[in-house]
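Proteins come first, then strands; the chains are lettered A, B, ... in the order of their sequence lines, and each starts at number 1.
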2 protein chains.
Amino acid sequence: MTDVAKRAGVSAMTVSRALKADGAVSDRTRLRILQAVDELGYVLDQTAGTLSSKRSGFVAALIPSLNNSNFSDTARGMERALEQSGLQLLLGATDYVQEKEERLAEAMLRRRPEGIIVTGGEHSPKLRRLLQGAGVPVVETWDLPTDPIEHVVGFSNTGAMRALVQRLYALGYREIGFLGGASPRDSRGRARCRGYKAAVAELGLPADRIVAFGEAPSSMDHGSAAMAQLMAHWPKVDAVVCVSDLVAFGALMECQRRGWAVPGRIALAGFGDFEVARCSHPRLTTVSVDSTGIGMTAGALLWRAIEASRTGTRLAAERHVIPYDIIERETT
Amino acid sequence: MTDVAKRAGVSAMTVSRALKADGAVSDRTRLRILQAVDELGYVLDQTAGTLSSKRSGFVAALIPSLNNSNFSDTARGMERALEQSGLQLLLGATDYVQEKEERLAEAMLRRRPEGIIVTGGEHSPKLRRLLQGAGVPVVETWDLPTDPIEHVVGFSNTGAMRALVQRLYALGYREIGFLGGASPRDSRGRARCRGYKAAVAELGLPADRIVAFGEAPSSMDHGSAAMAQLMAHWPKVDAVVCVSDLVAFGALMECQRRGWAVPGRIALAGFGDFEVARCSHPRLTTVSVDSTGIGMTAGALLWRAIEASRTGTRLAAERHVIPYDIIERETT
DNA sequence: CTGTTAGCGCCTTCAC
DNA sequence: GTGAAGGCGCTAACAG
């Protein structure tokens with residue numbers, strides 16, 4: 001910065017001002033400075049700026065998986081919400097591993113984010129302590145924790161799956177199975193499984209038609225394998241709900257390979273409204289969640305909270321419930 | 001850190017040492033310090049550390065899209081390669097937009113990464129200048145640029161698509177179409193389209209069976225729509241290669257909706273070996289690229305380059321060609 | 001094995 | 001609209 005200052009014939013302080021959008025610098029001076037910046041290929045050192053201004057200029061977001069359109073849509077939503085804020089979004093993927101989530105959170109906190117967004121409402125005591133001690137706003141997403149850390153933007157996974165089973169009941173299905181949801185790593189998957197159990201219990205349907213598999217992320221292959229098991233154990237099942245669309249798609253393909261007509265012989269429904277659910281043949285019935293909206297709401301909320309803390313106030317904890325929608329397509 | 005030092009009855013410098021794995025501190029002292037750290041909930045400020053040590057402890061990776069299993073696998077490969085290095089991987093998604101790639105690169109460079117990995121070998125002059133001026137190792141991936149910035153880990157997209165068309169020819173197909181690849185934003189897609197054109201020209205096949213669509217990322221919907229167009233224009237086409245598996249899957253679903261038997265009436269092949277290609281019914285023939293391997297190789301290479309630069313030397317530019325594999329499945 | 005001194009590159013604050 | 005002084009929190013370098 002001193003080099004740039006010399007070249008432009010000003011002080012370093014003036015260069016610093018010229019490089020901020022709001023800096024009070026005359027147009028002529030700024031032009032000279034920007035030219036010097038360009039000639040020298042100078043790139044501002046934000047590390048030093050962070051240290052002296054106590055503003056790192058980024059927020060951290062922890063998501064379970066990059067390669068999941070729900071979460072990547074949420075990430076894009078956050079990015080969009082933060083576009084005008086001057087805050088960069090730094091993403092970390094936890095791969096559904098709690099220990100990795102902790103490590104990542106600590107790595108992020110060492111860089112002093114101005115706010116943090118995490119996925120889900122279940123965290124290890126250590127992570128909770130870490131987040132609460134960070135002294136920056138925290139948003140939990142994709143769930144409605146009963147004891148939130150601070151802000152929440154999400155929906156009830158249990159409720160959504162319960163509603164899906166009730167819809168299938170209304171369509172006339174009476175022996176409904178469930179695929180997935182036993183992973184100790186995926187609390188949303190477990191919540192959906194609980195929703196299934198609650199619904200079949202309320203409706204007086206047989207409640208044991210579950211093929212639980214423990215891995216997360218759940219995949220198409222899981223769906224195919226689980227469907228094969230379900231067919232073998234409970235051949236009279238007339239509908240199957242799945243922890244995600246990927247699982248439902250795998251189940252659909254398995255049905256096609258075995259000549260089980262969908263929805264004639266068996267109905268299928270997924271969760272998440274992934275692209276493959278929209279494009280498959282037949283198209284999959286699913287629960288659509290506004291993933292992008294979760295991200296935009298969470299990002300905007302975090303921004304407001306950060307702005308508030310900059311003026312010395314603290315935004316009161318907010319709780320945003322995002323609606324979901326059951327989309328009936330061709331598999332029910 | 002001073003607070004921790006006081007509580008542990010040592011100097012700040014000793015705390016600093018105790019917090020690095022390698023710091024020469026007696027076990028008793030370290031234990032006292034770690035206890036004080038725990039009691040105070042202290043988290044090291046890496047920003048300040050970066051400033052004084054001139055080592056930011058992270059590398060930046062720019063990928064076109066998070067929600068693409070090829071690129072997210074590559075990201076995971078990089079993460080795995082860097083696991084033991086103490087370098088954190090910071091990901092940025094460019095959404096296939098050059099301008100966003102530039103902005104992201106600059107945002108990363110302001111935080112002084114110790115190395116940079118970018119996707120593809122075509123960059124704006126500005127980005128090239130930025131990367132070359134950064135003074136840190138650079139790796140380009142997923143392509144084999146003729147004029148690389150420095151290191152390269154990739155393969156020839158043109159060559160791979162050419163090989164796929166040749167394989168279809170060997171299988172007896174004589175009127176081969178192509179879907180996708182016209183996006184000015186996706187240089188890999190364009191390279192694959194060039195590979196198709198080169199192959200059909202060499203083989204003396206009709207060369208105009210192309211439904212080019214310009215959007216990136218290419219999607220299943222694009223595949224369905226493009227397939228419908230292709231069917232209308234060139235009903236005698238007997239095989240179709242696609243810029244990606246997602247497009248191929250969309251095309252497959254369109255064929256099923258219209259009752260065109262695959263591969264009986266028309267053969268299909270994709271690119272990338274996505275999960276949906278493995279799990280669809282019928283399973284898709286595709287070009288499998290070792291996405292994770294690209295990431296691991298790039299990450300390991302970058303690490304070596306960074307280690308070299310720490311000892312004052314500069315690693316000579318390397319070029320790693322990653323093999324690809326044509327996987328014949330049920331759609332050809 | 002531990003402490004002291006100095007400074008990383010910028011921005012806050014105050015002065016003009 | 002511009003400049004000078006000082007310090008952000010840590011670590012390199014050197015001393016003991």
Quiz item: Which heavy atom in B:Leu44 sits nearest to a heavy atom in B:Leu19, and how many Å separate them?
Solution: CD1-CD2, 3.9 Å

Return each pair, listed once, that meets salt bridge (charged side-chain N to carboxylate O under 4.0 Å, His left out) where at least one residue sits in [range]; pairs must be two or more places apart or across chains.
{"range": "residues 56-73 of chain B", "answer": "B:Asp73-B:Arg76"}
{"range": "residues 114-139 of chain B", "answer": "B:Glu102-B:Lys126, B:Glu106-B:Lys126, B:Glu114-B:Arg310, B:Glu122-B:Arg190, B:Arg128-B:Asp147"}
{"range": "residues 6-20 of chain A", "answer": "A:Arg7-A:Glu39"}
{"range": "residues 295-306 of chain A", "answer": "A:Arg304-A:Glu318"}

Quiz item: How does protein contact run along nucleotides 3-10 of chain C, one letter per nucleotide 5' to 3', with B for base contact, S for sugar-phosphate only, - for none, heavy atoms under 4.0 Å?
Solution: BB--BBBB

Quiz item: What residues form a side-chain contact (heavy atoms from CB on, under 4.5 Å) with A:Ser85, not counting sequence neighbours?
Solution: A:Leu82, A:Leu87, A:Trp303

Practice problem: Sequence neighbours left out, what passes side-chain contact (heavy atoms from CB on, under 4.5 Å) with A:Asn67? Give chain and number order. | Solution: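 Counting only residues at least two positions away or on another chain, A:Asn67 forms a side-chain contact (heavy atoms from CB on, under 4.5 Å) with A:Ser65, B:Asn67, B:Ser69, B:Ser72.
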
Quiz item: Considering only heavy atoms, which members of residues 25-32 of chain A lie under 4.0 Å from some atom of DNA chain C?
Solution: none

Practice problem: Indicate yes or no: at least one non-hydrogen side-chain atom of B:Gln88 is less than 4.5 angstrom from one of A:Arg111. | Solution: yes

Quiz item: Under the salt bridge (Lys or Arg N to Asp or Glu O under 4.0 Å) test, which residues partner B:Arg30, sequence neighbours left out?
Solution: none

Quiz prompt | Donor + acceptor pair across side chains of A:Thr47, A:Thr50 (<3.5 Å) | solution = no

Quiz item: Do A:His123 and A:Glu140 have side-chain atoms, one donor and one acceptor, less than 3.5 Å apart?
Solution: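 Short answer, yes.
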
Quiz prompt | Span of DNA chain D, from the first to the last nucleotide whose atoms fall under 4.0 Å of chain A heavy atoms | solution = D:dG1 to D:dG9

Practice problem: Sequence neighbours left out, what pairs pass ring-ring contact (aromatic ring centres under 6.0 Å, His included) with at least one residue falling in residues 63-89 of chain B? | Solution: B:Phe71-B:Trp142

Quiz item: How far does the helix from C:dC1-D:dG16 to C:dC16-D:dG1 bend, going by the axes of its first and last five pairs, to the nearest 10°?
Solution: 20°

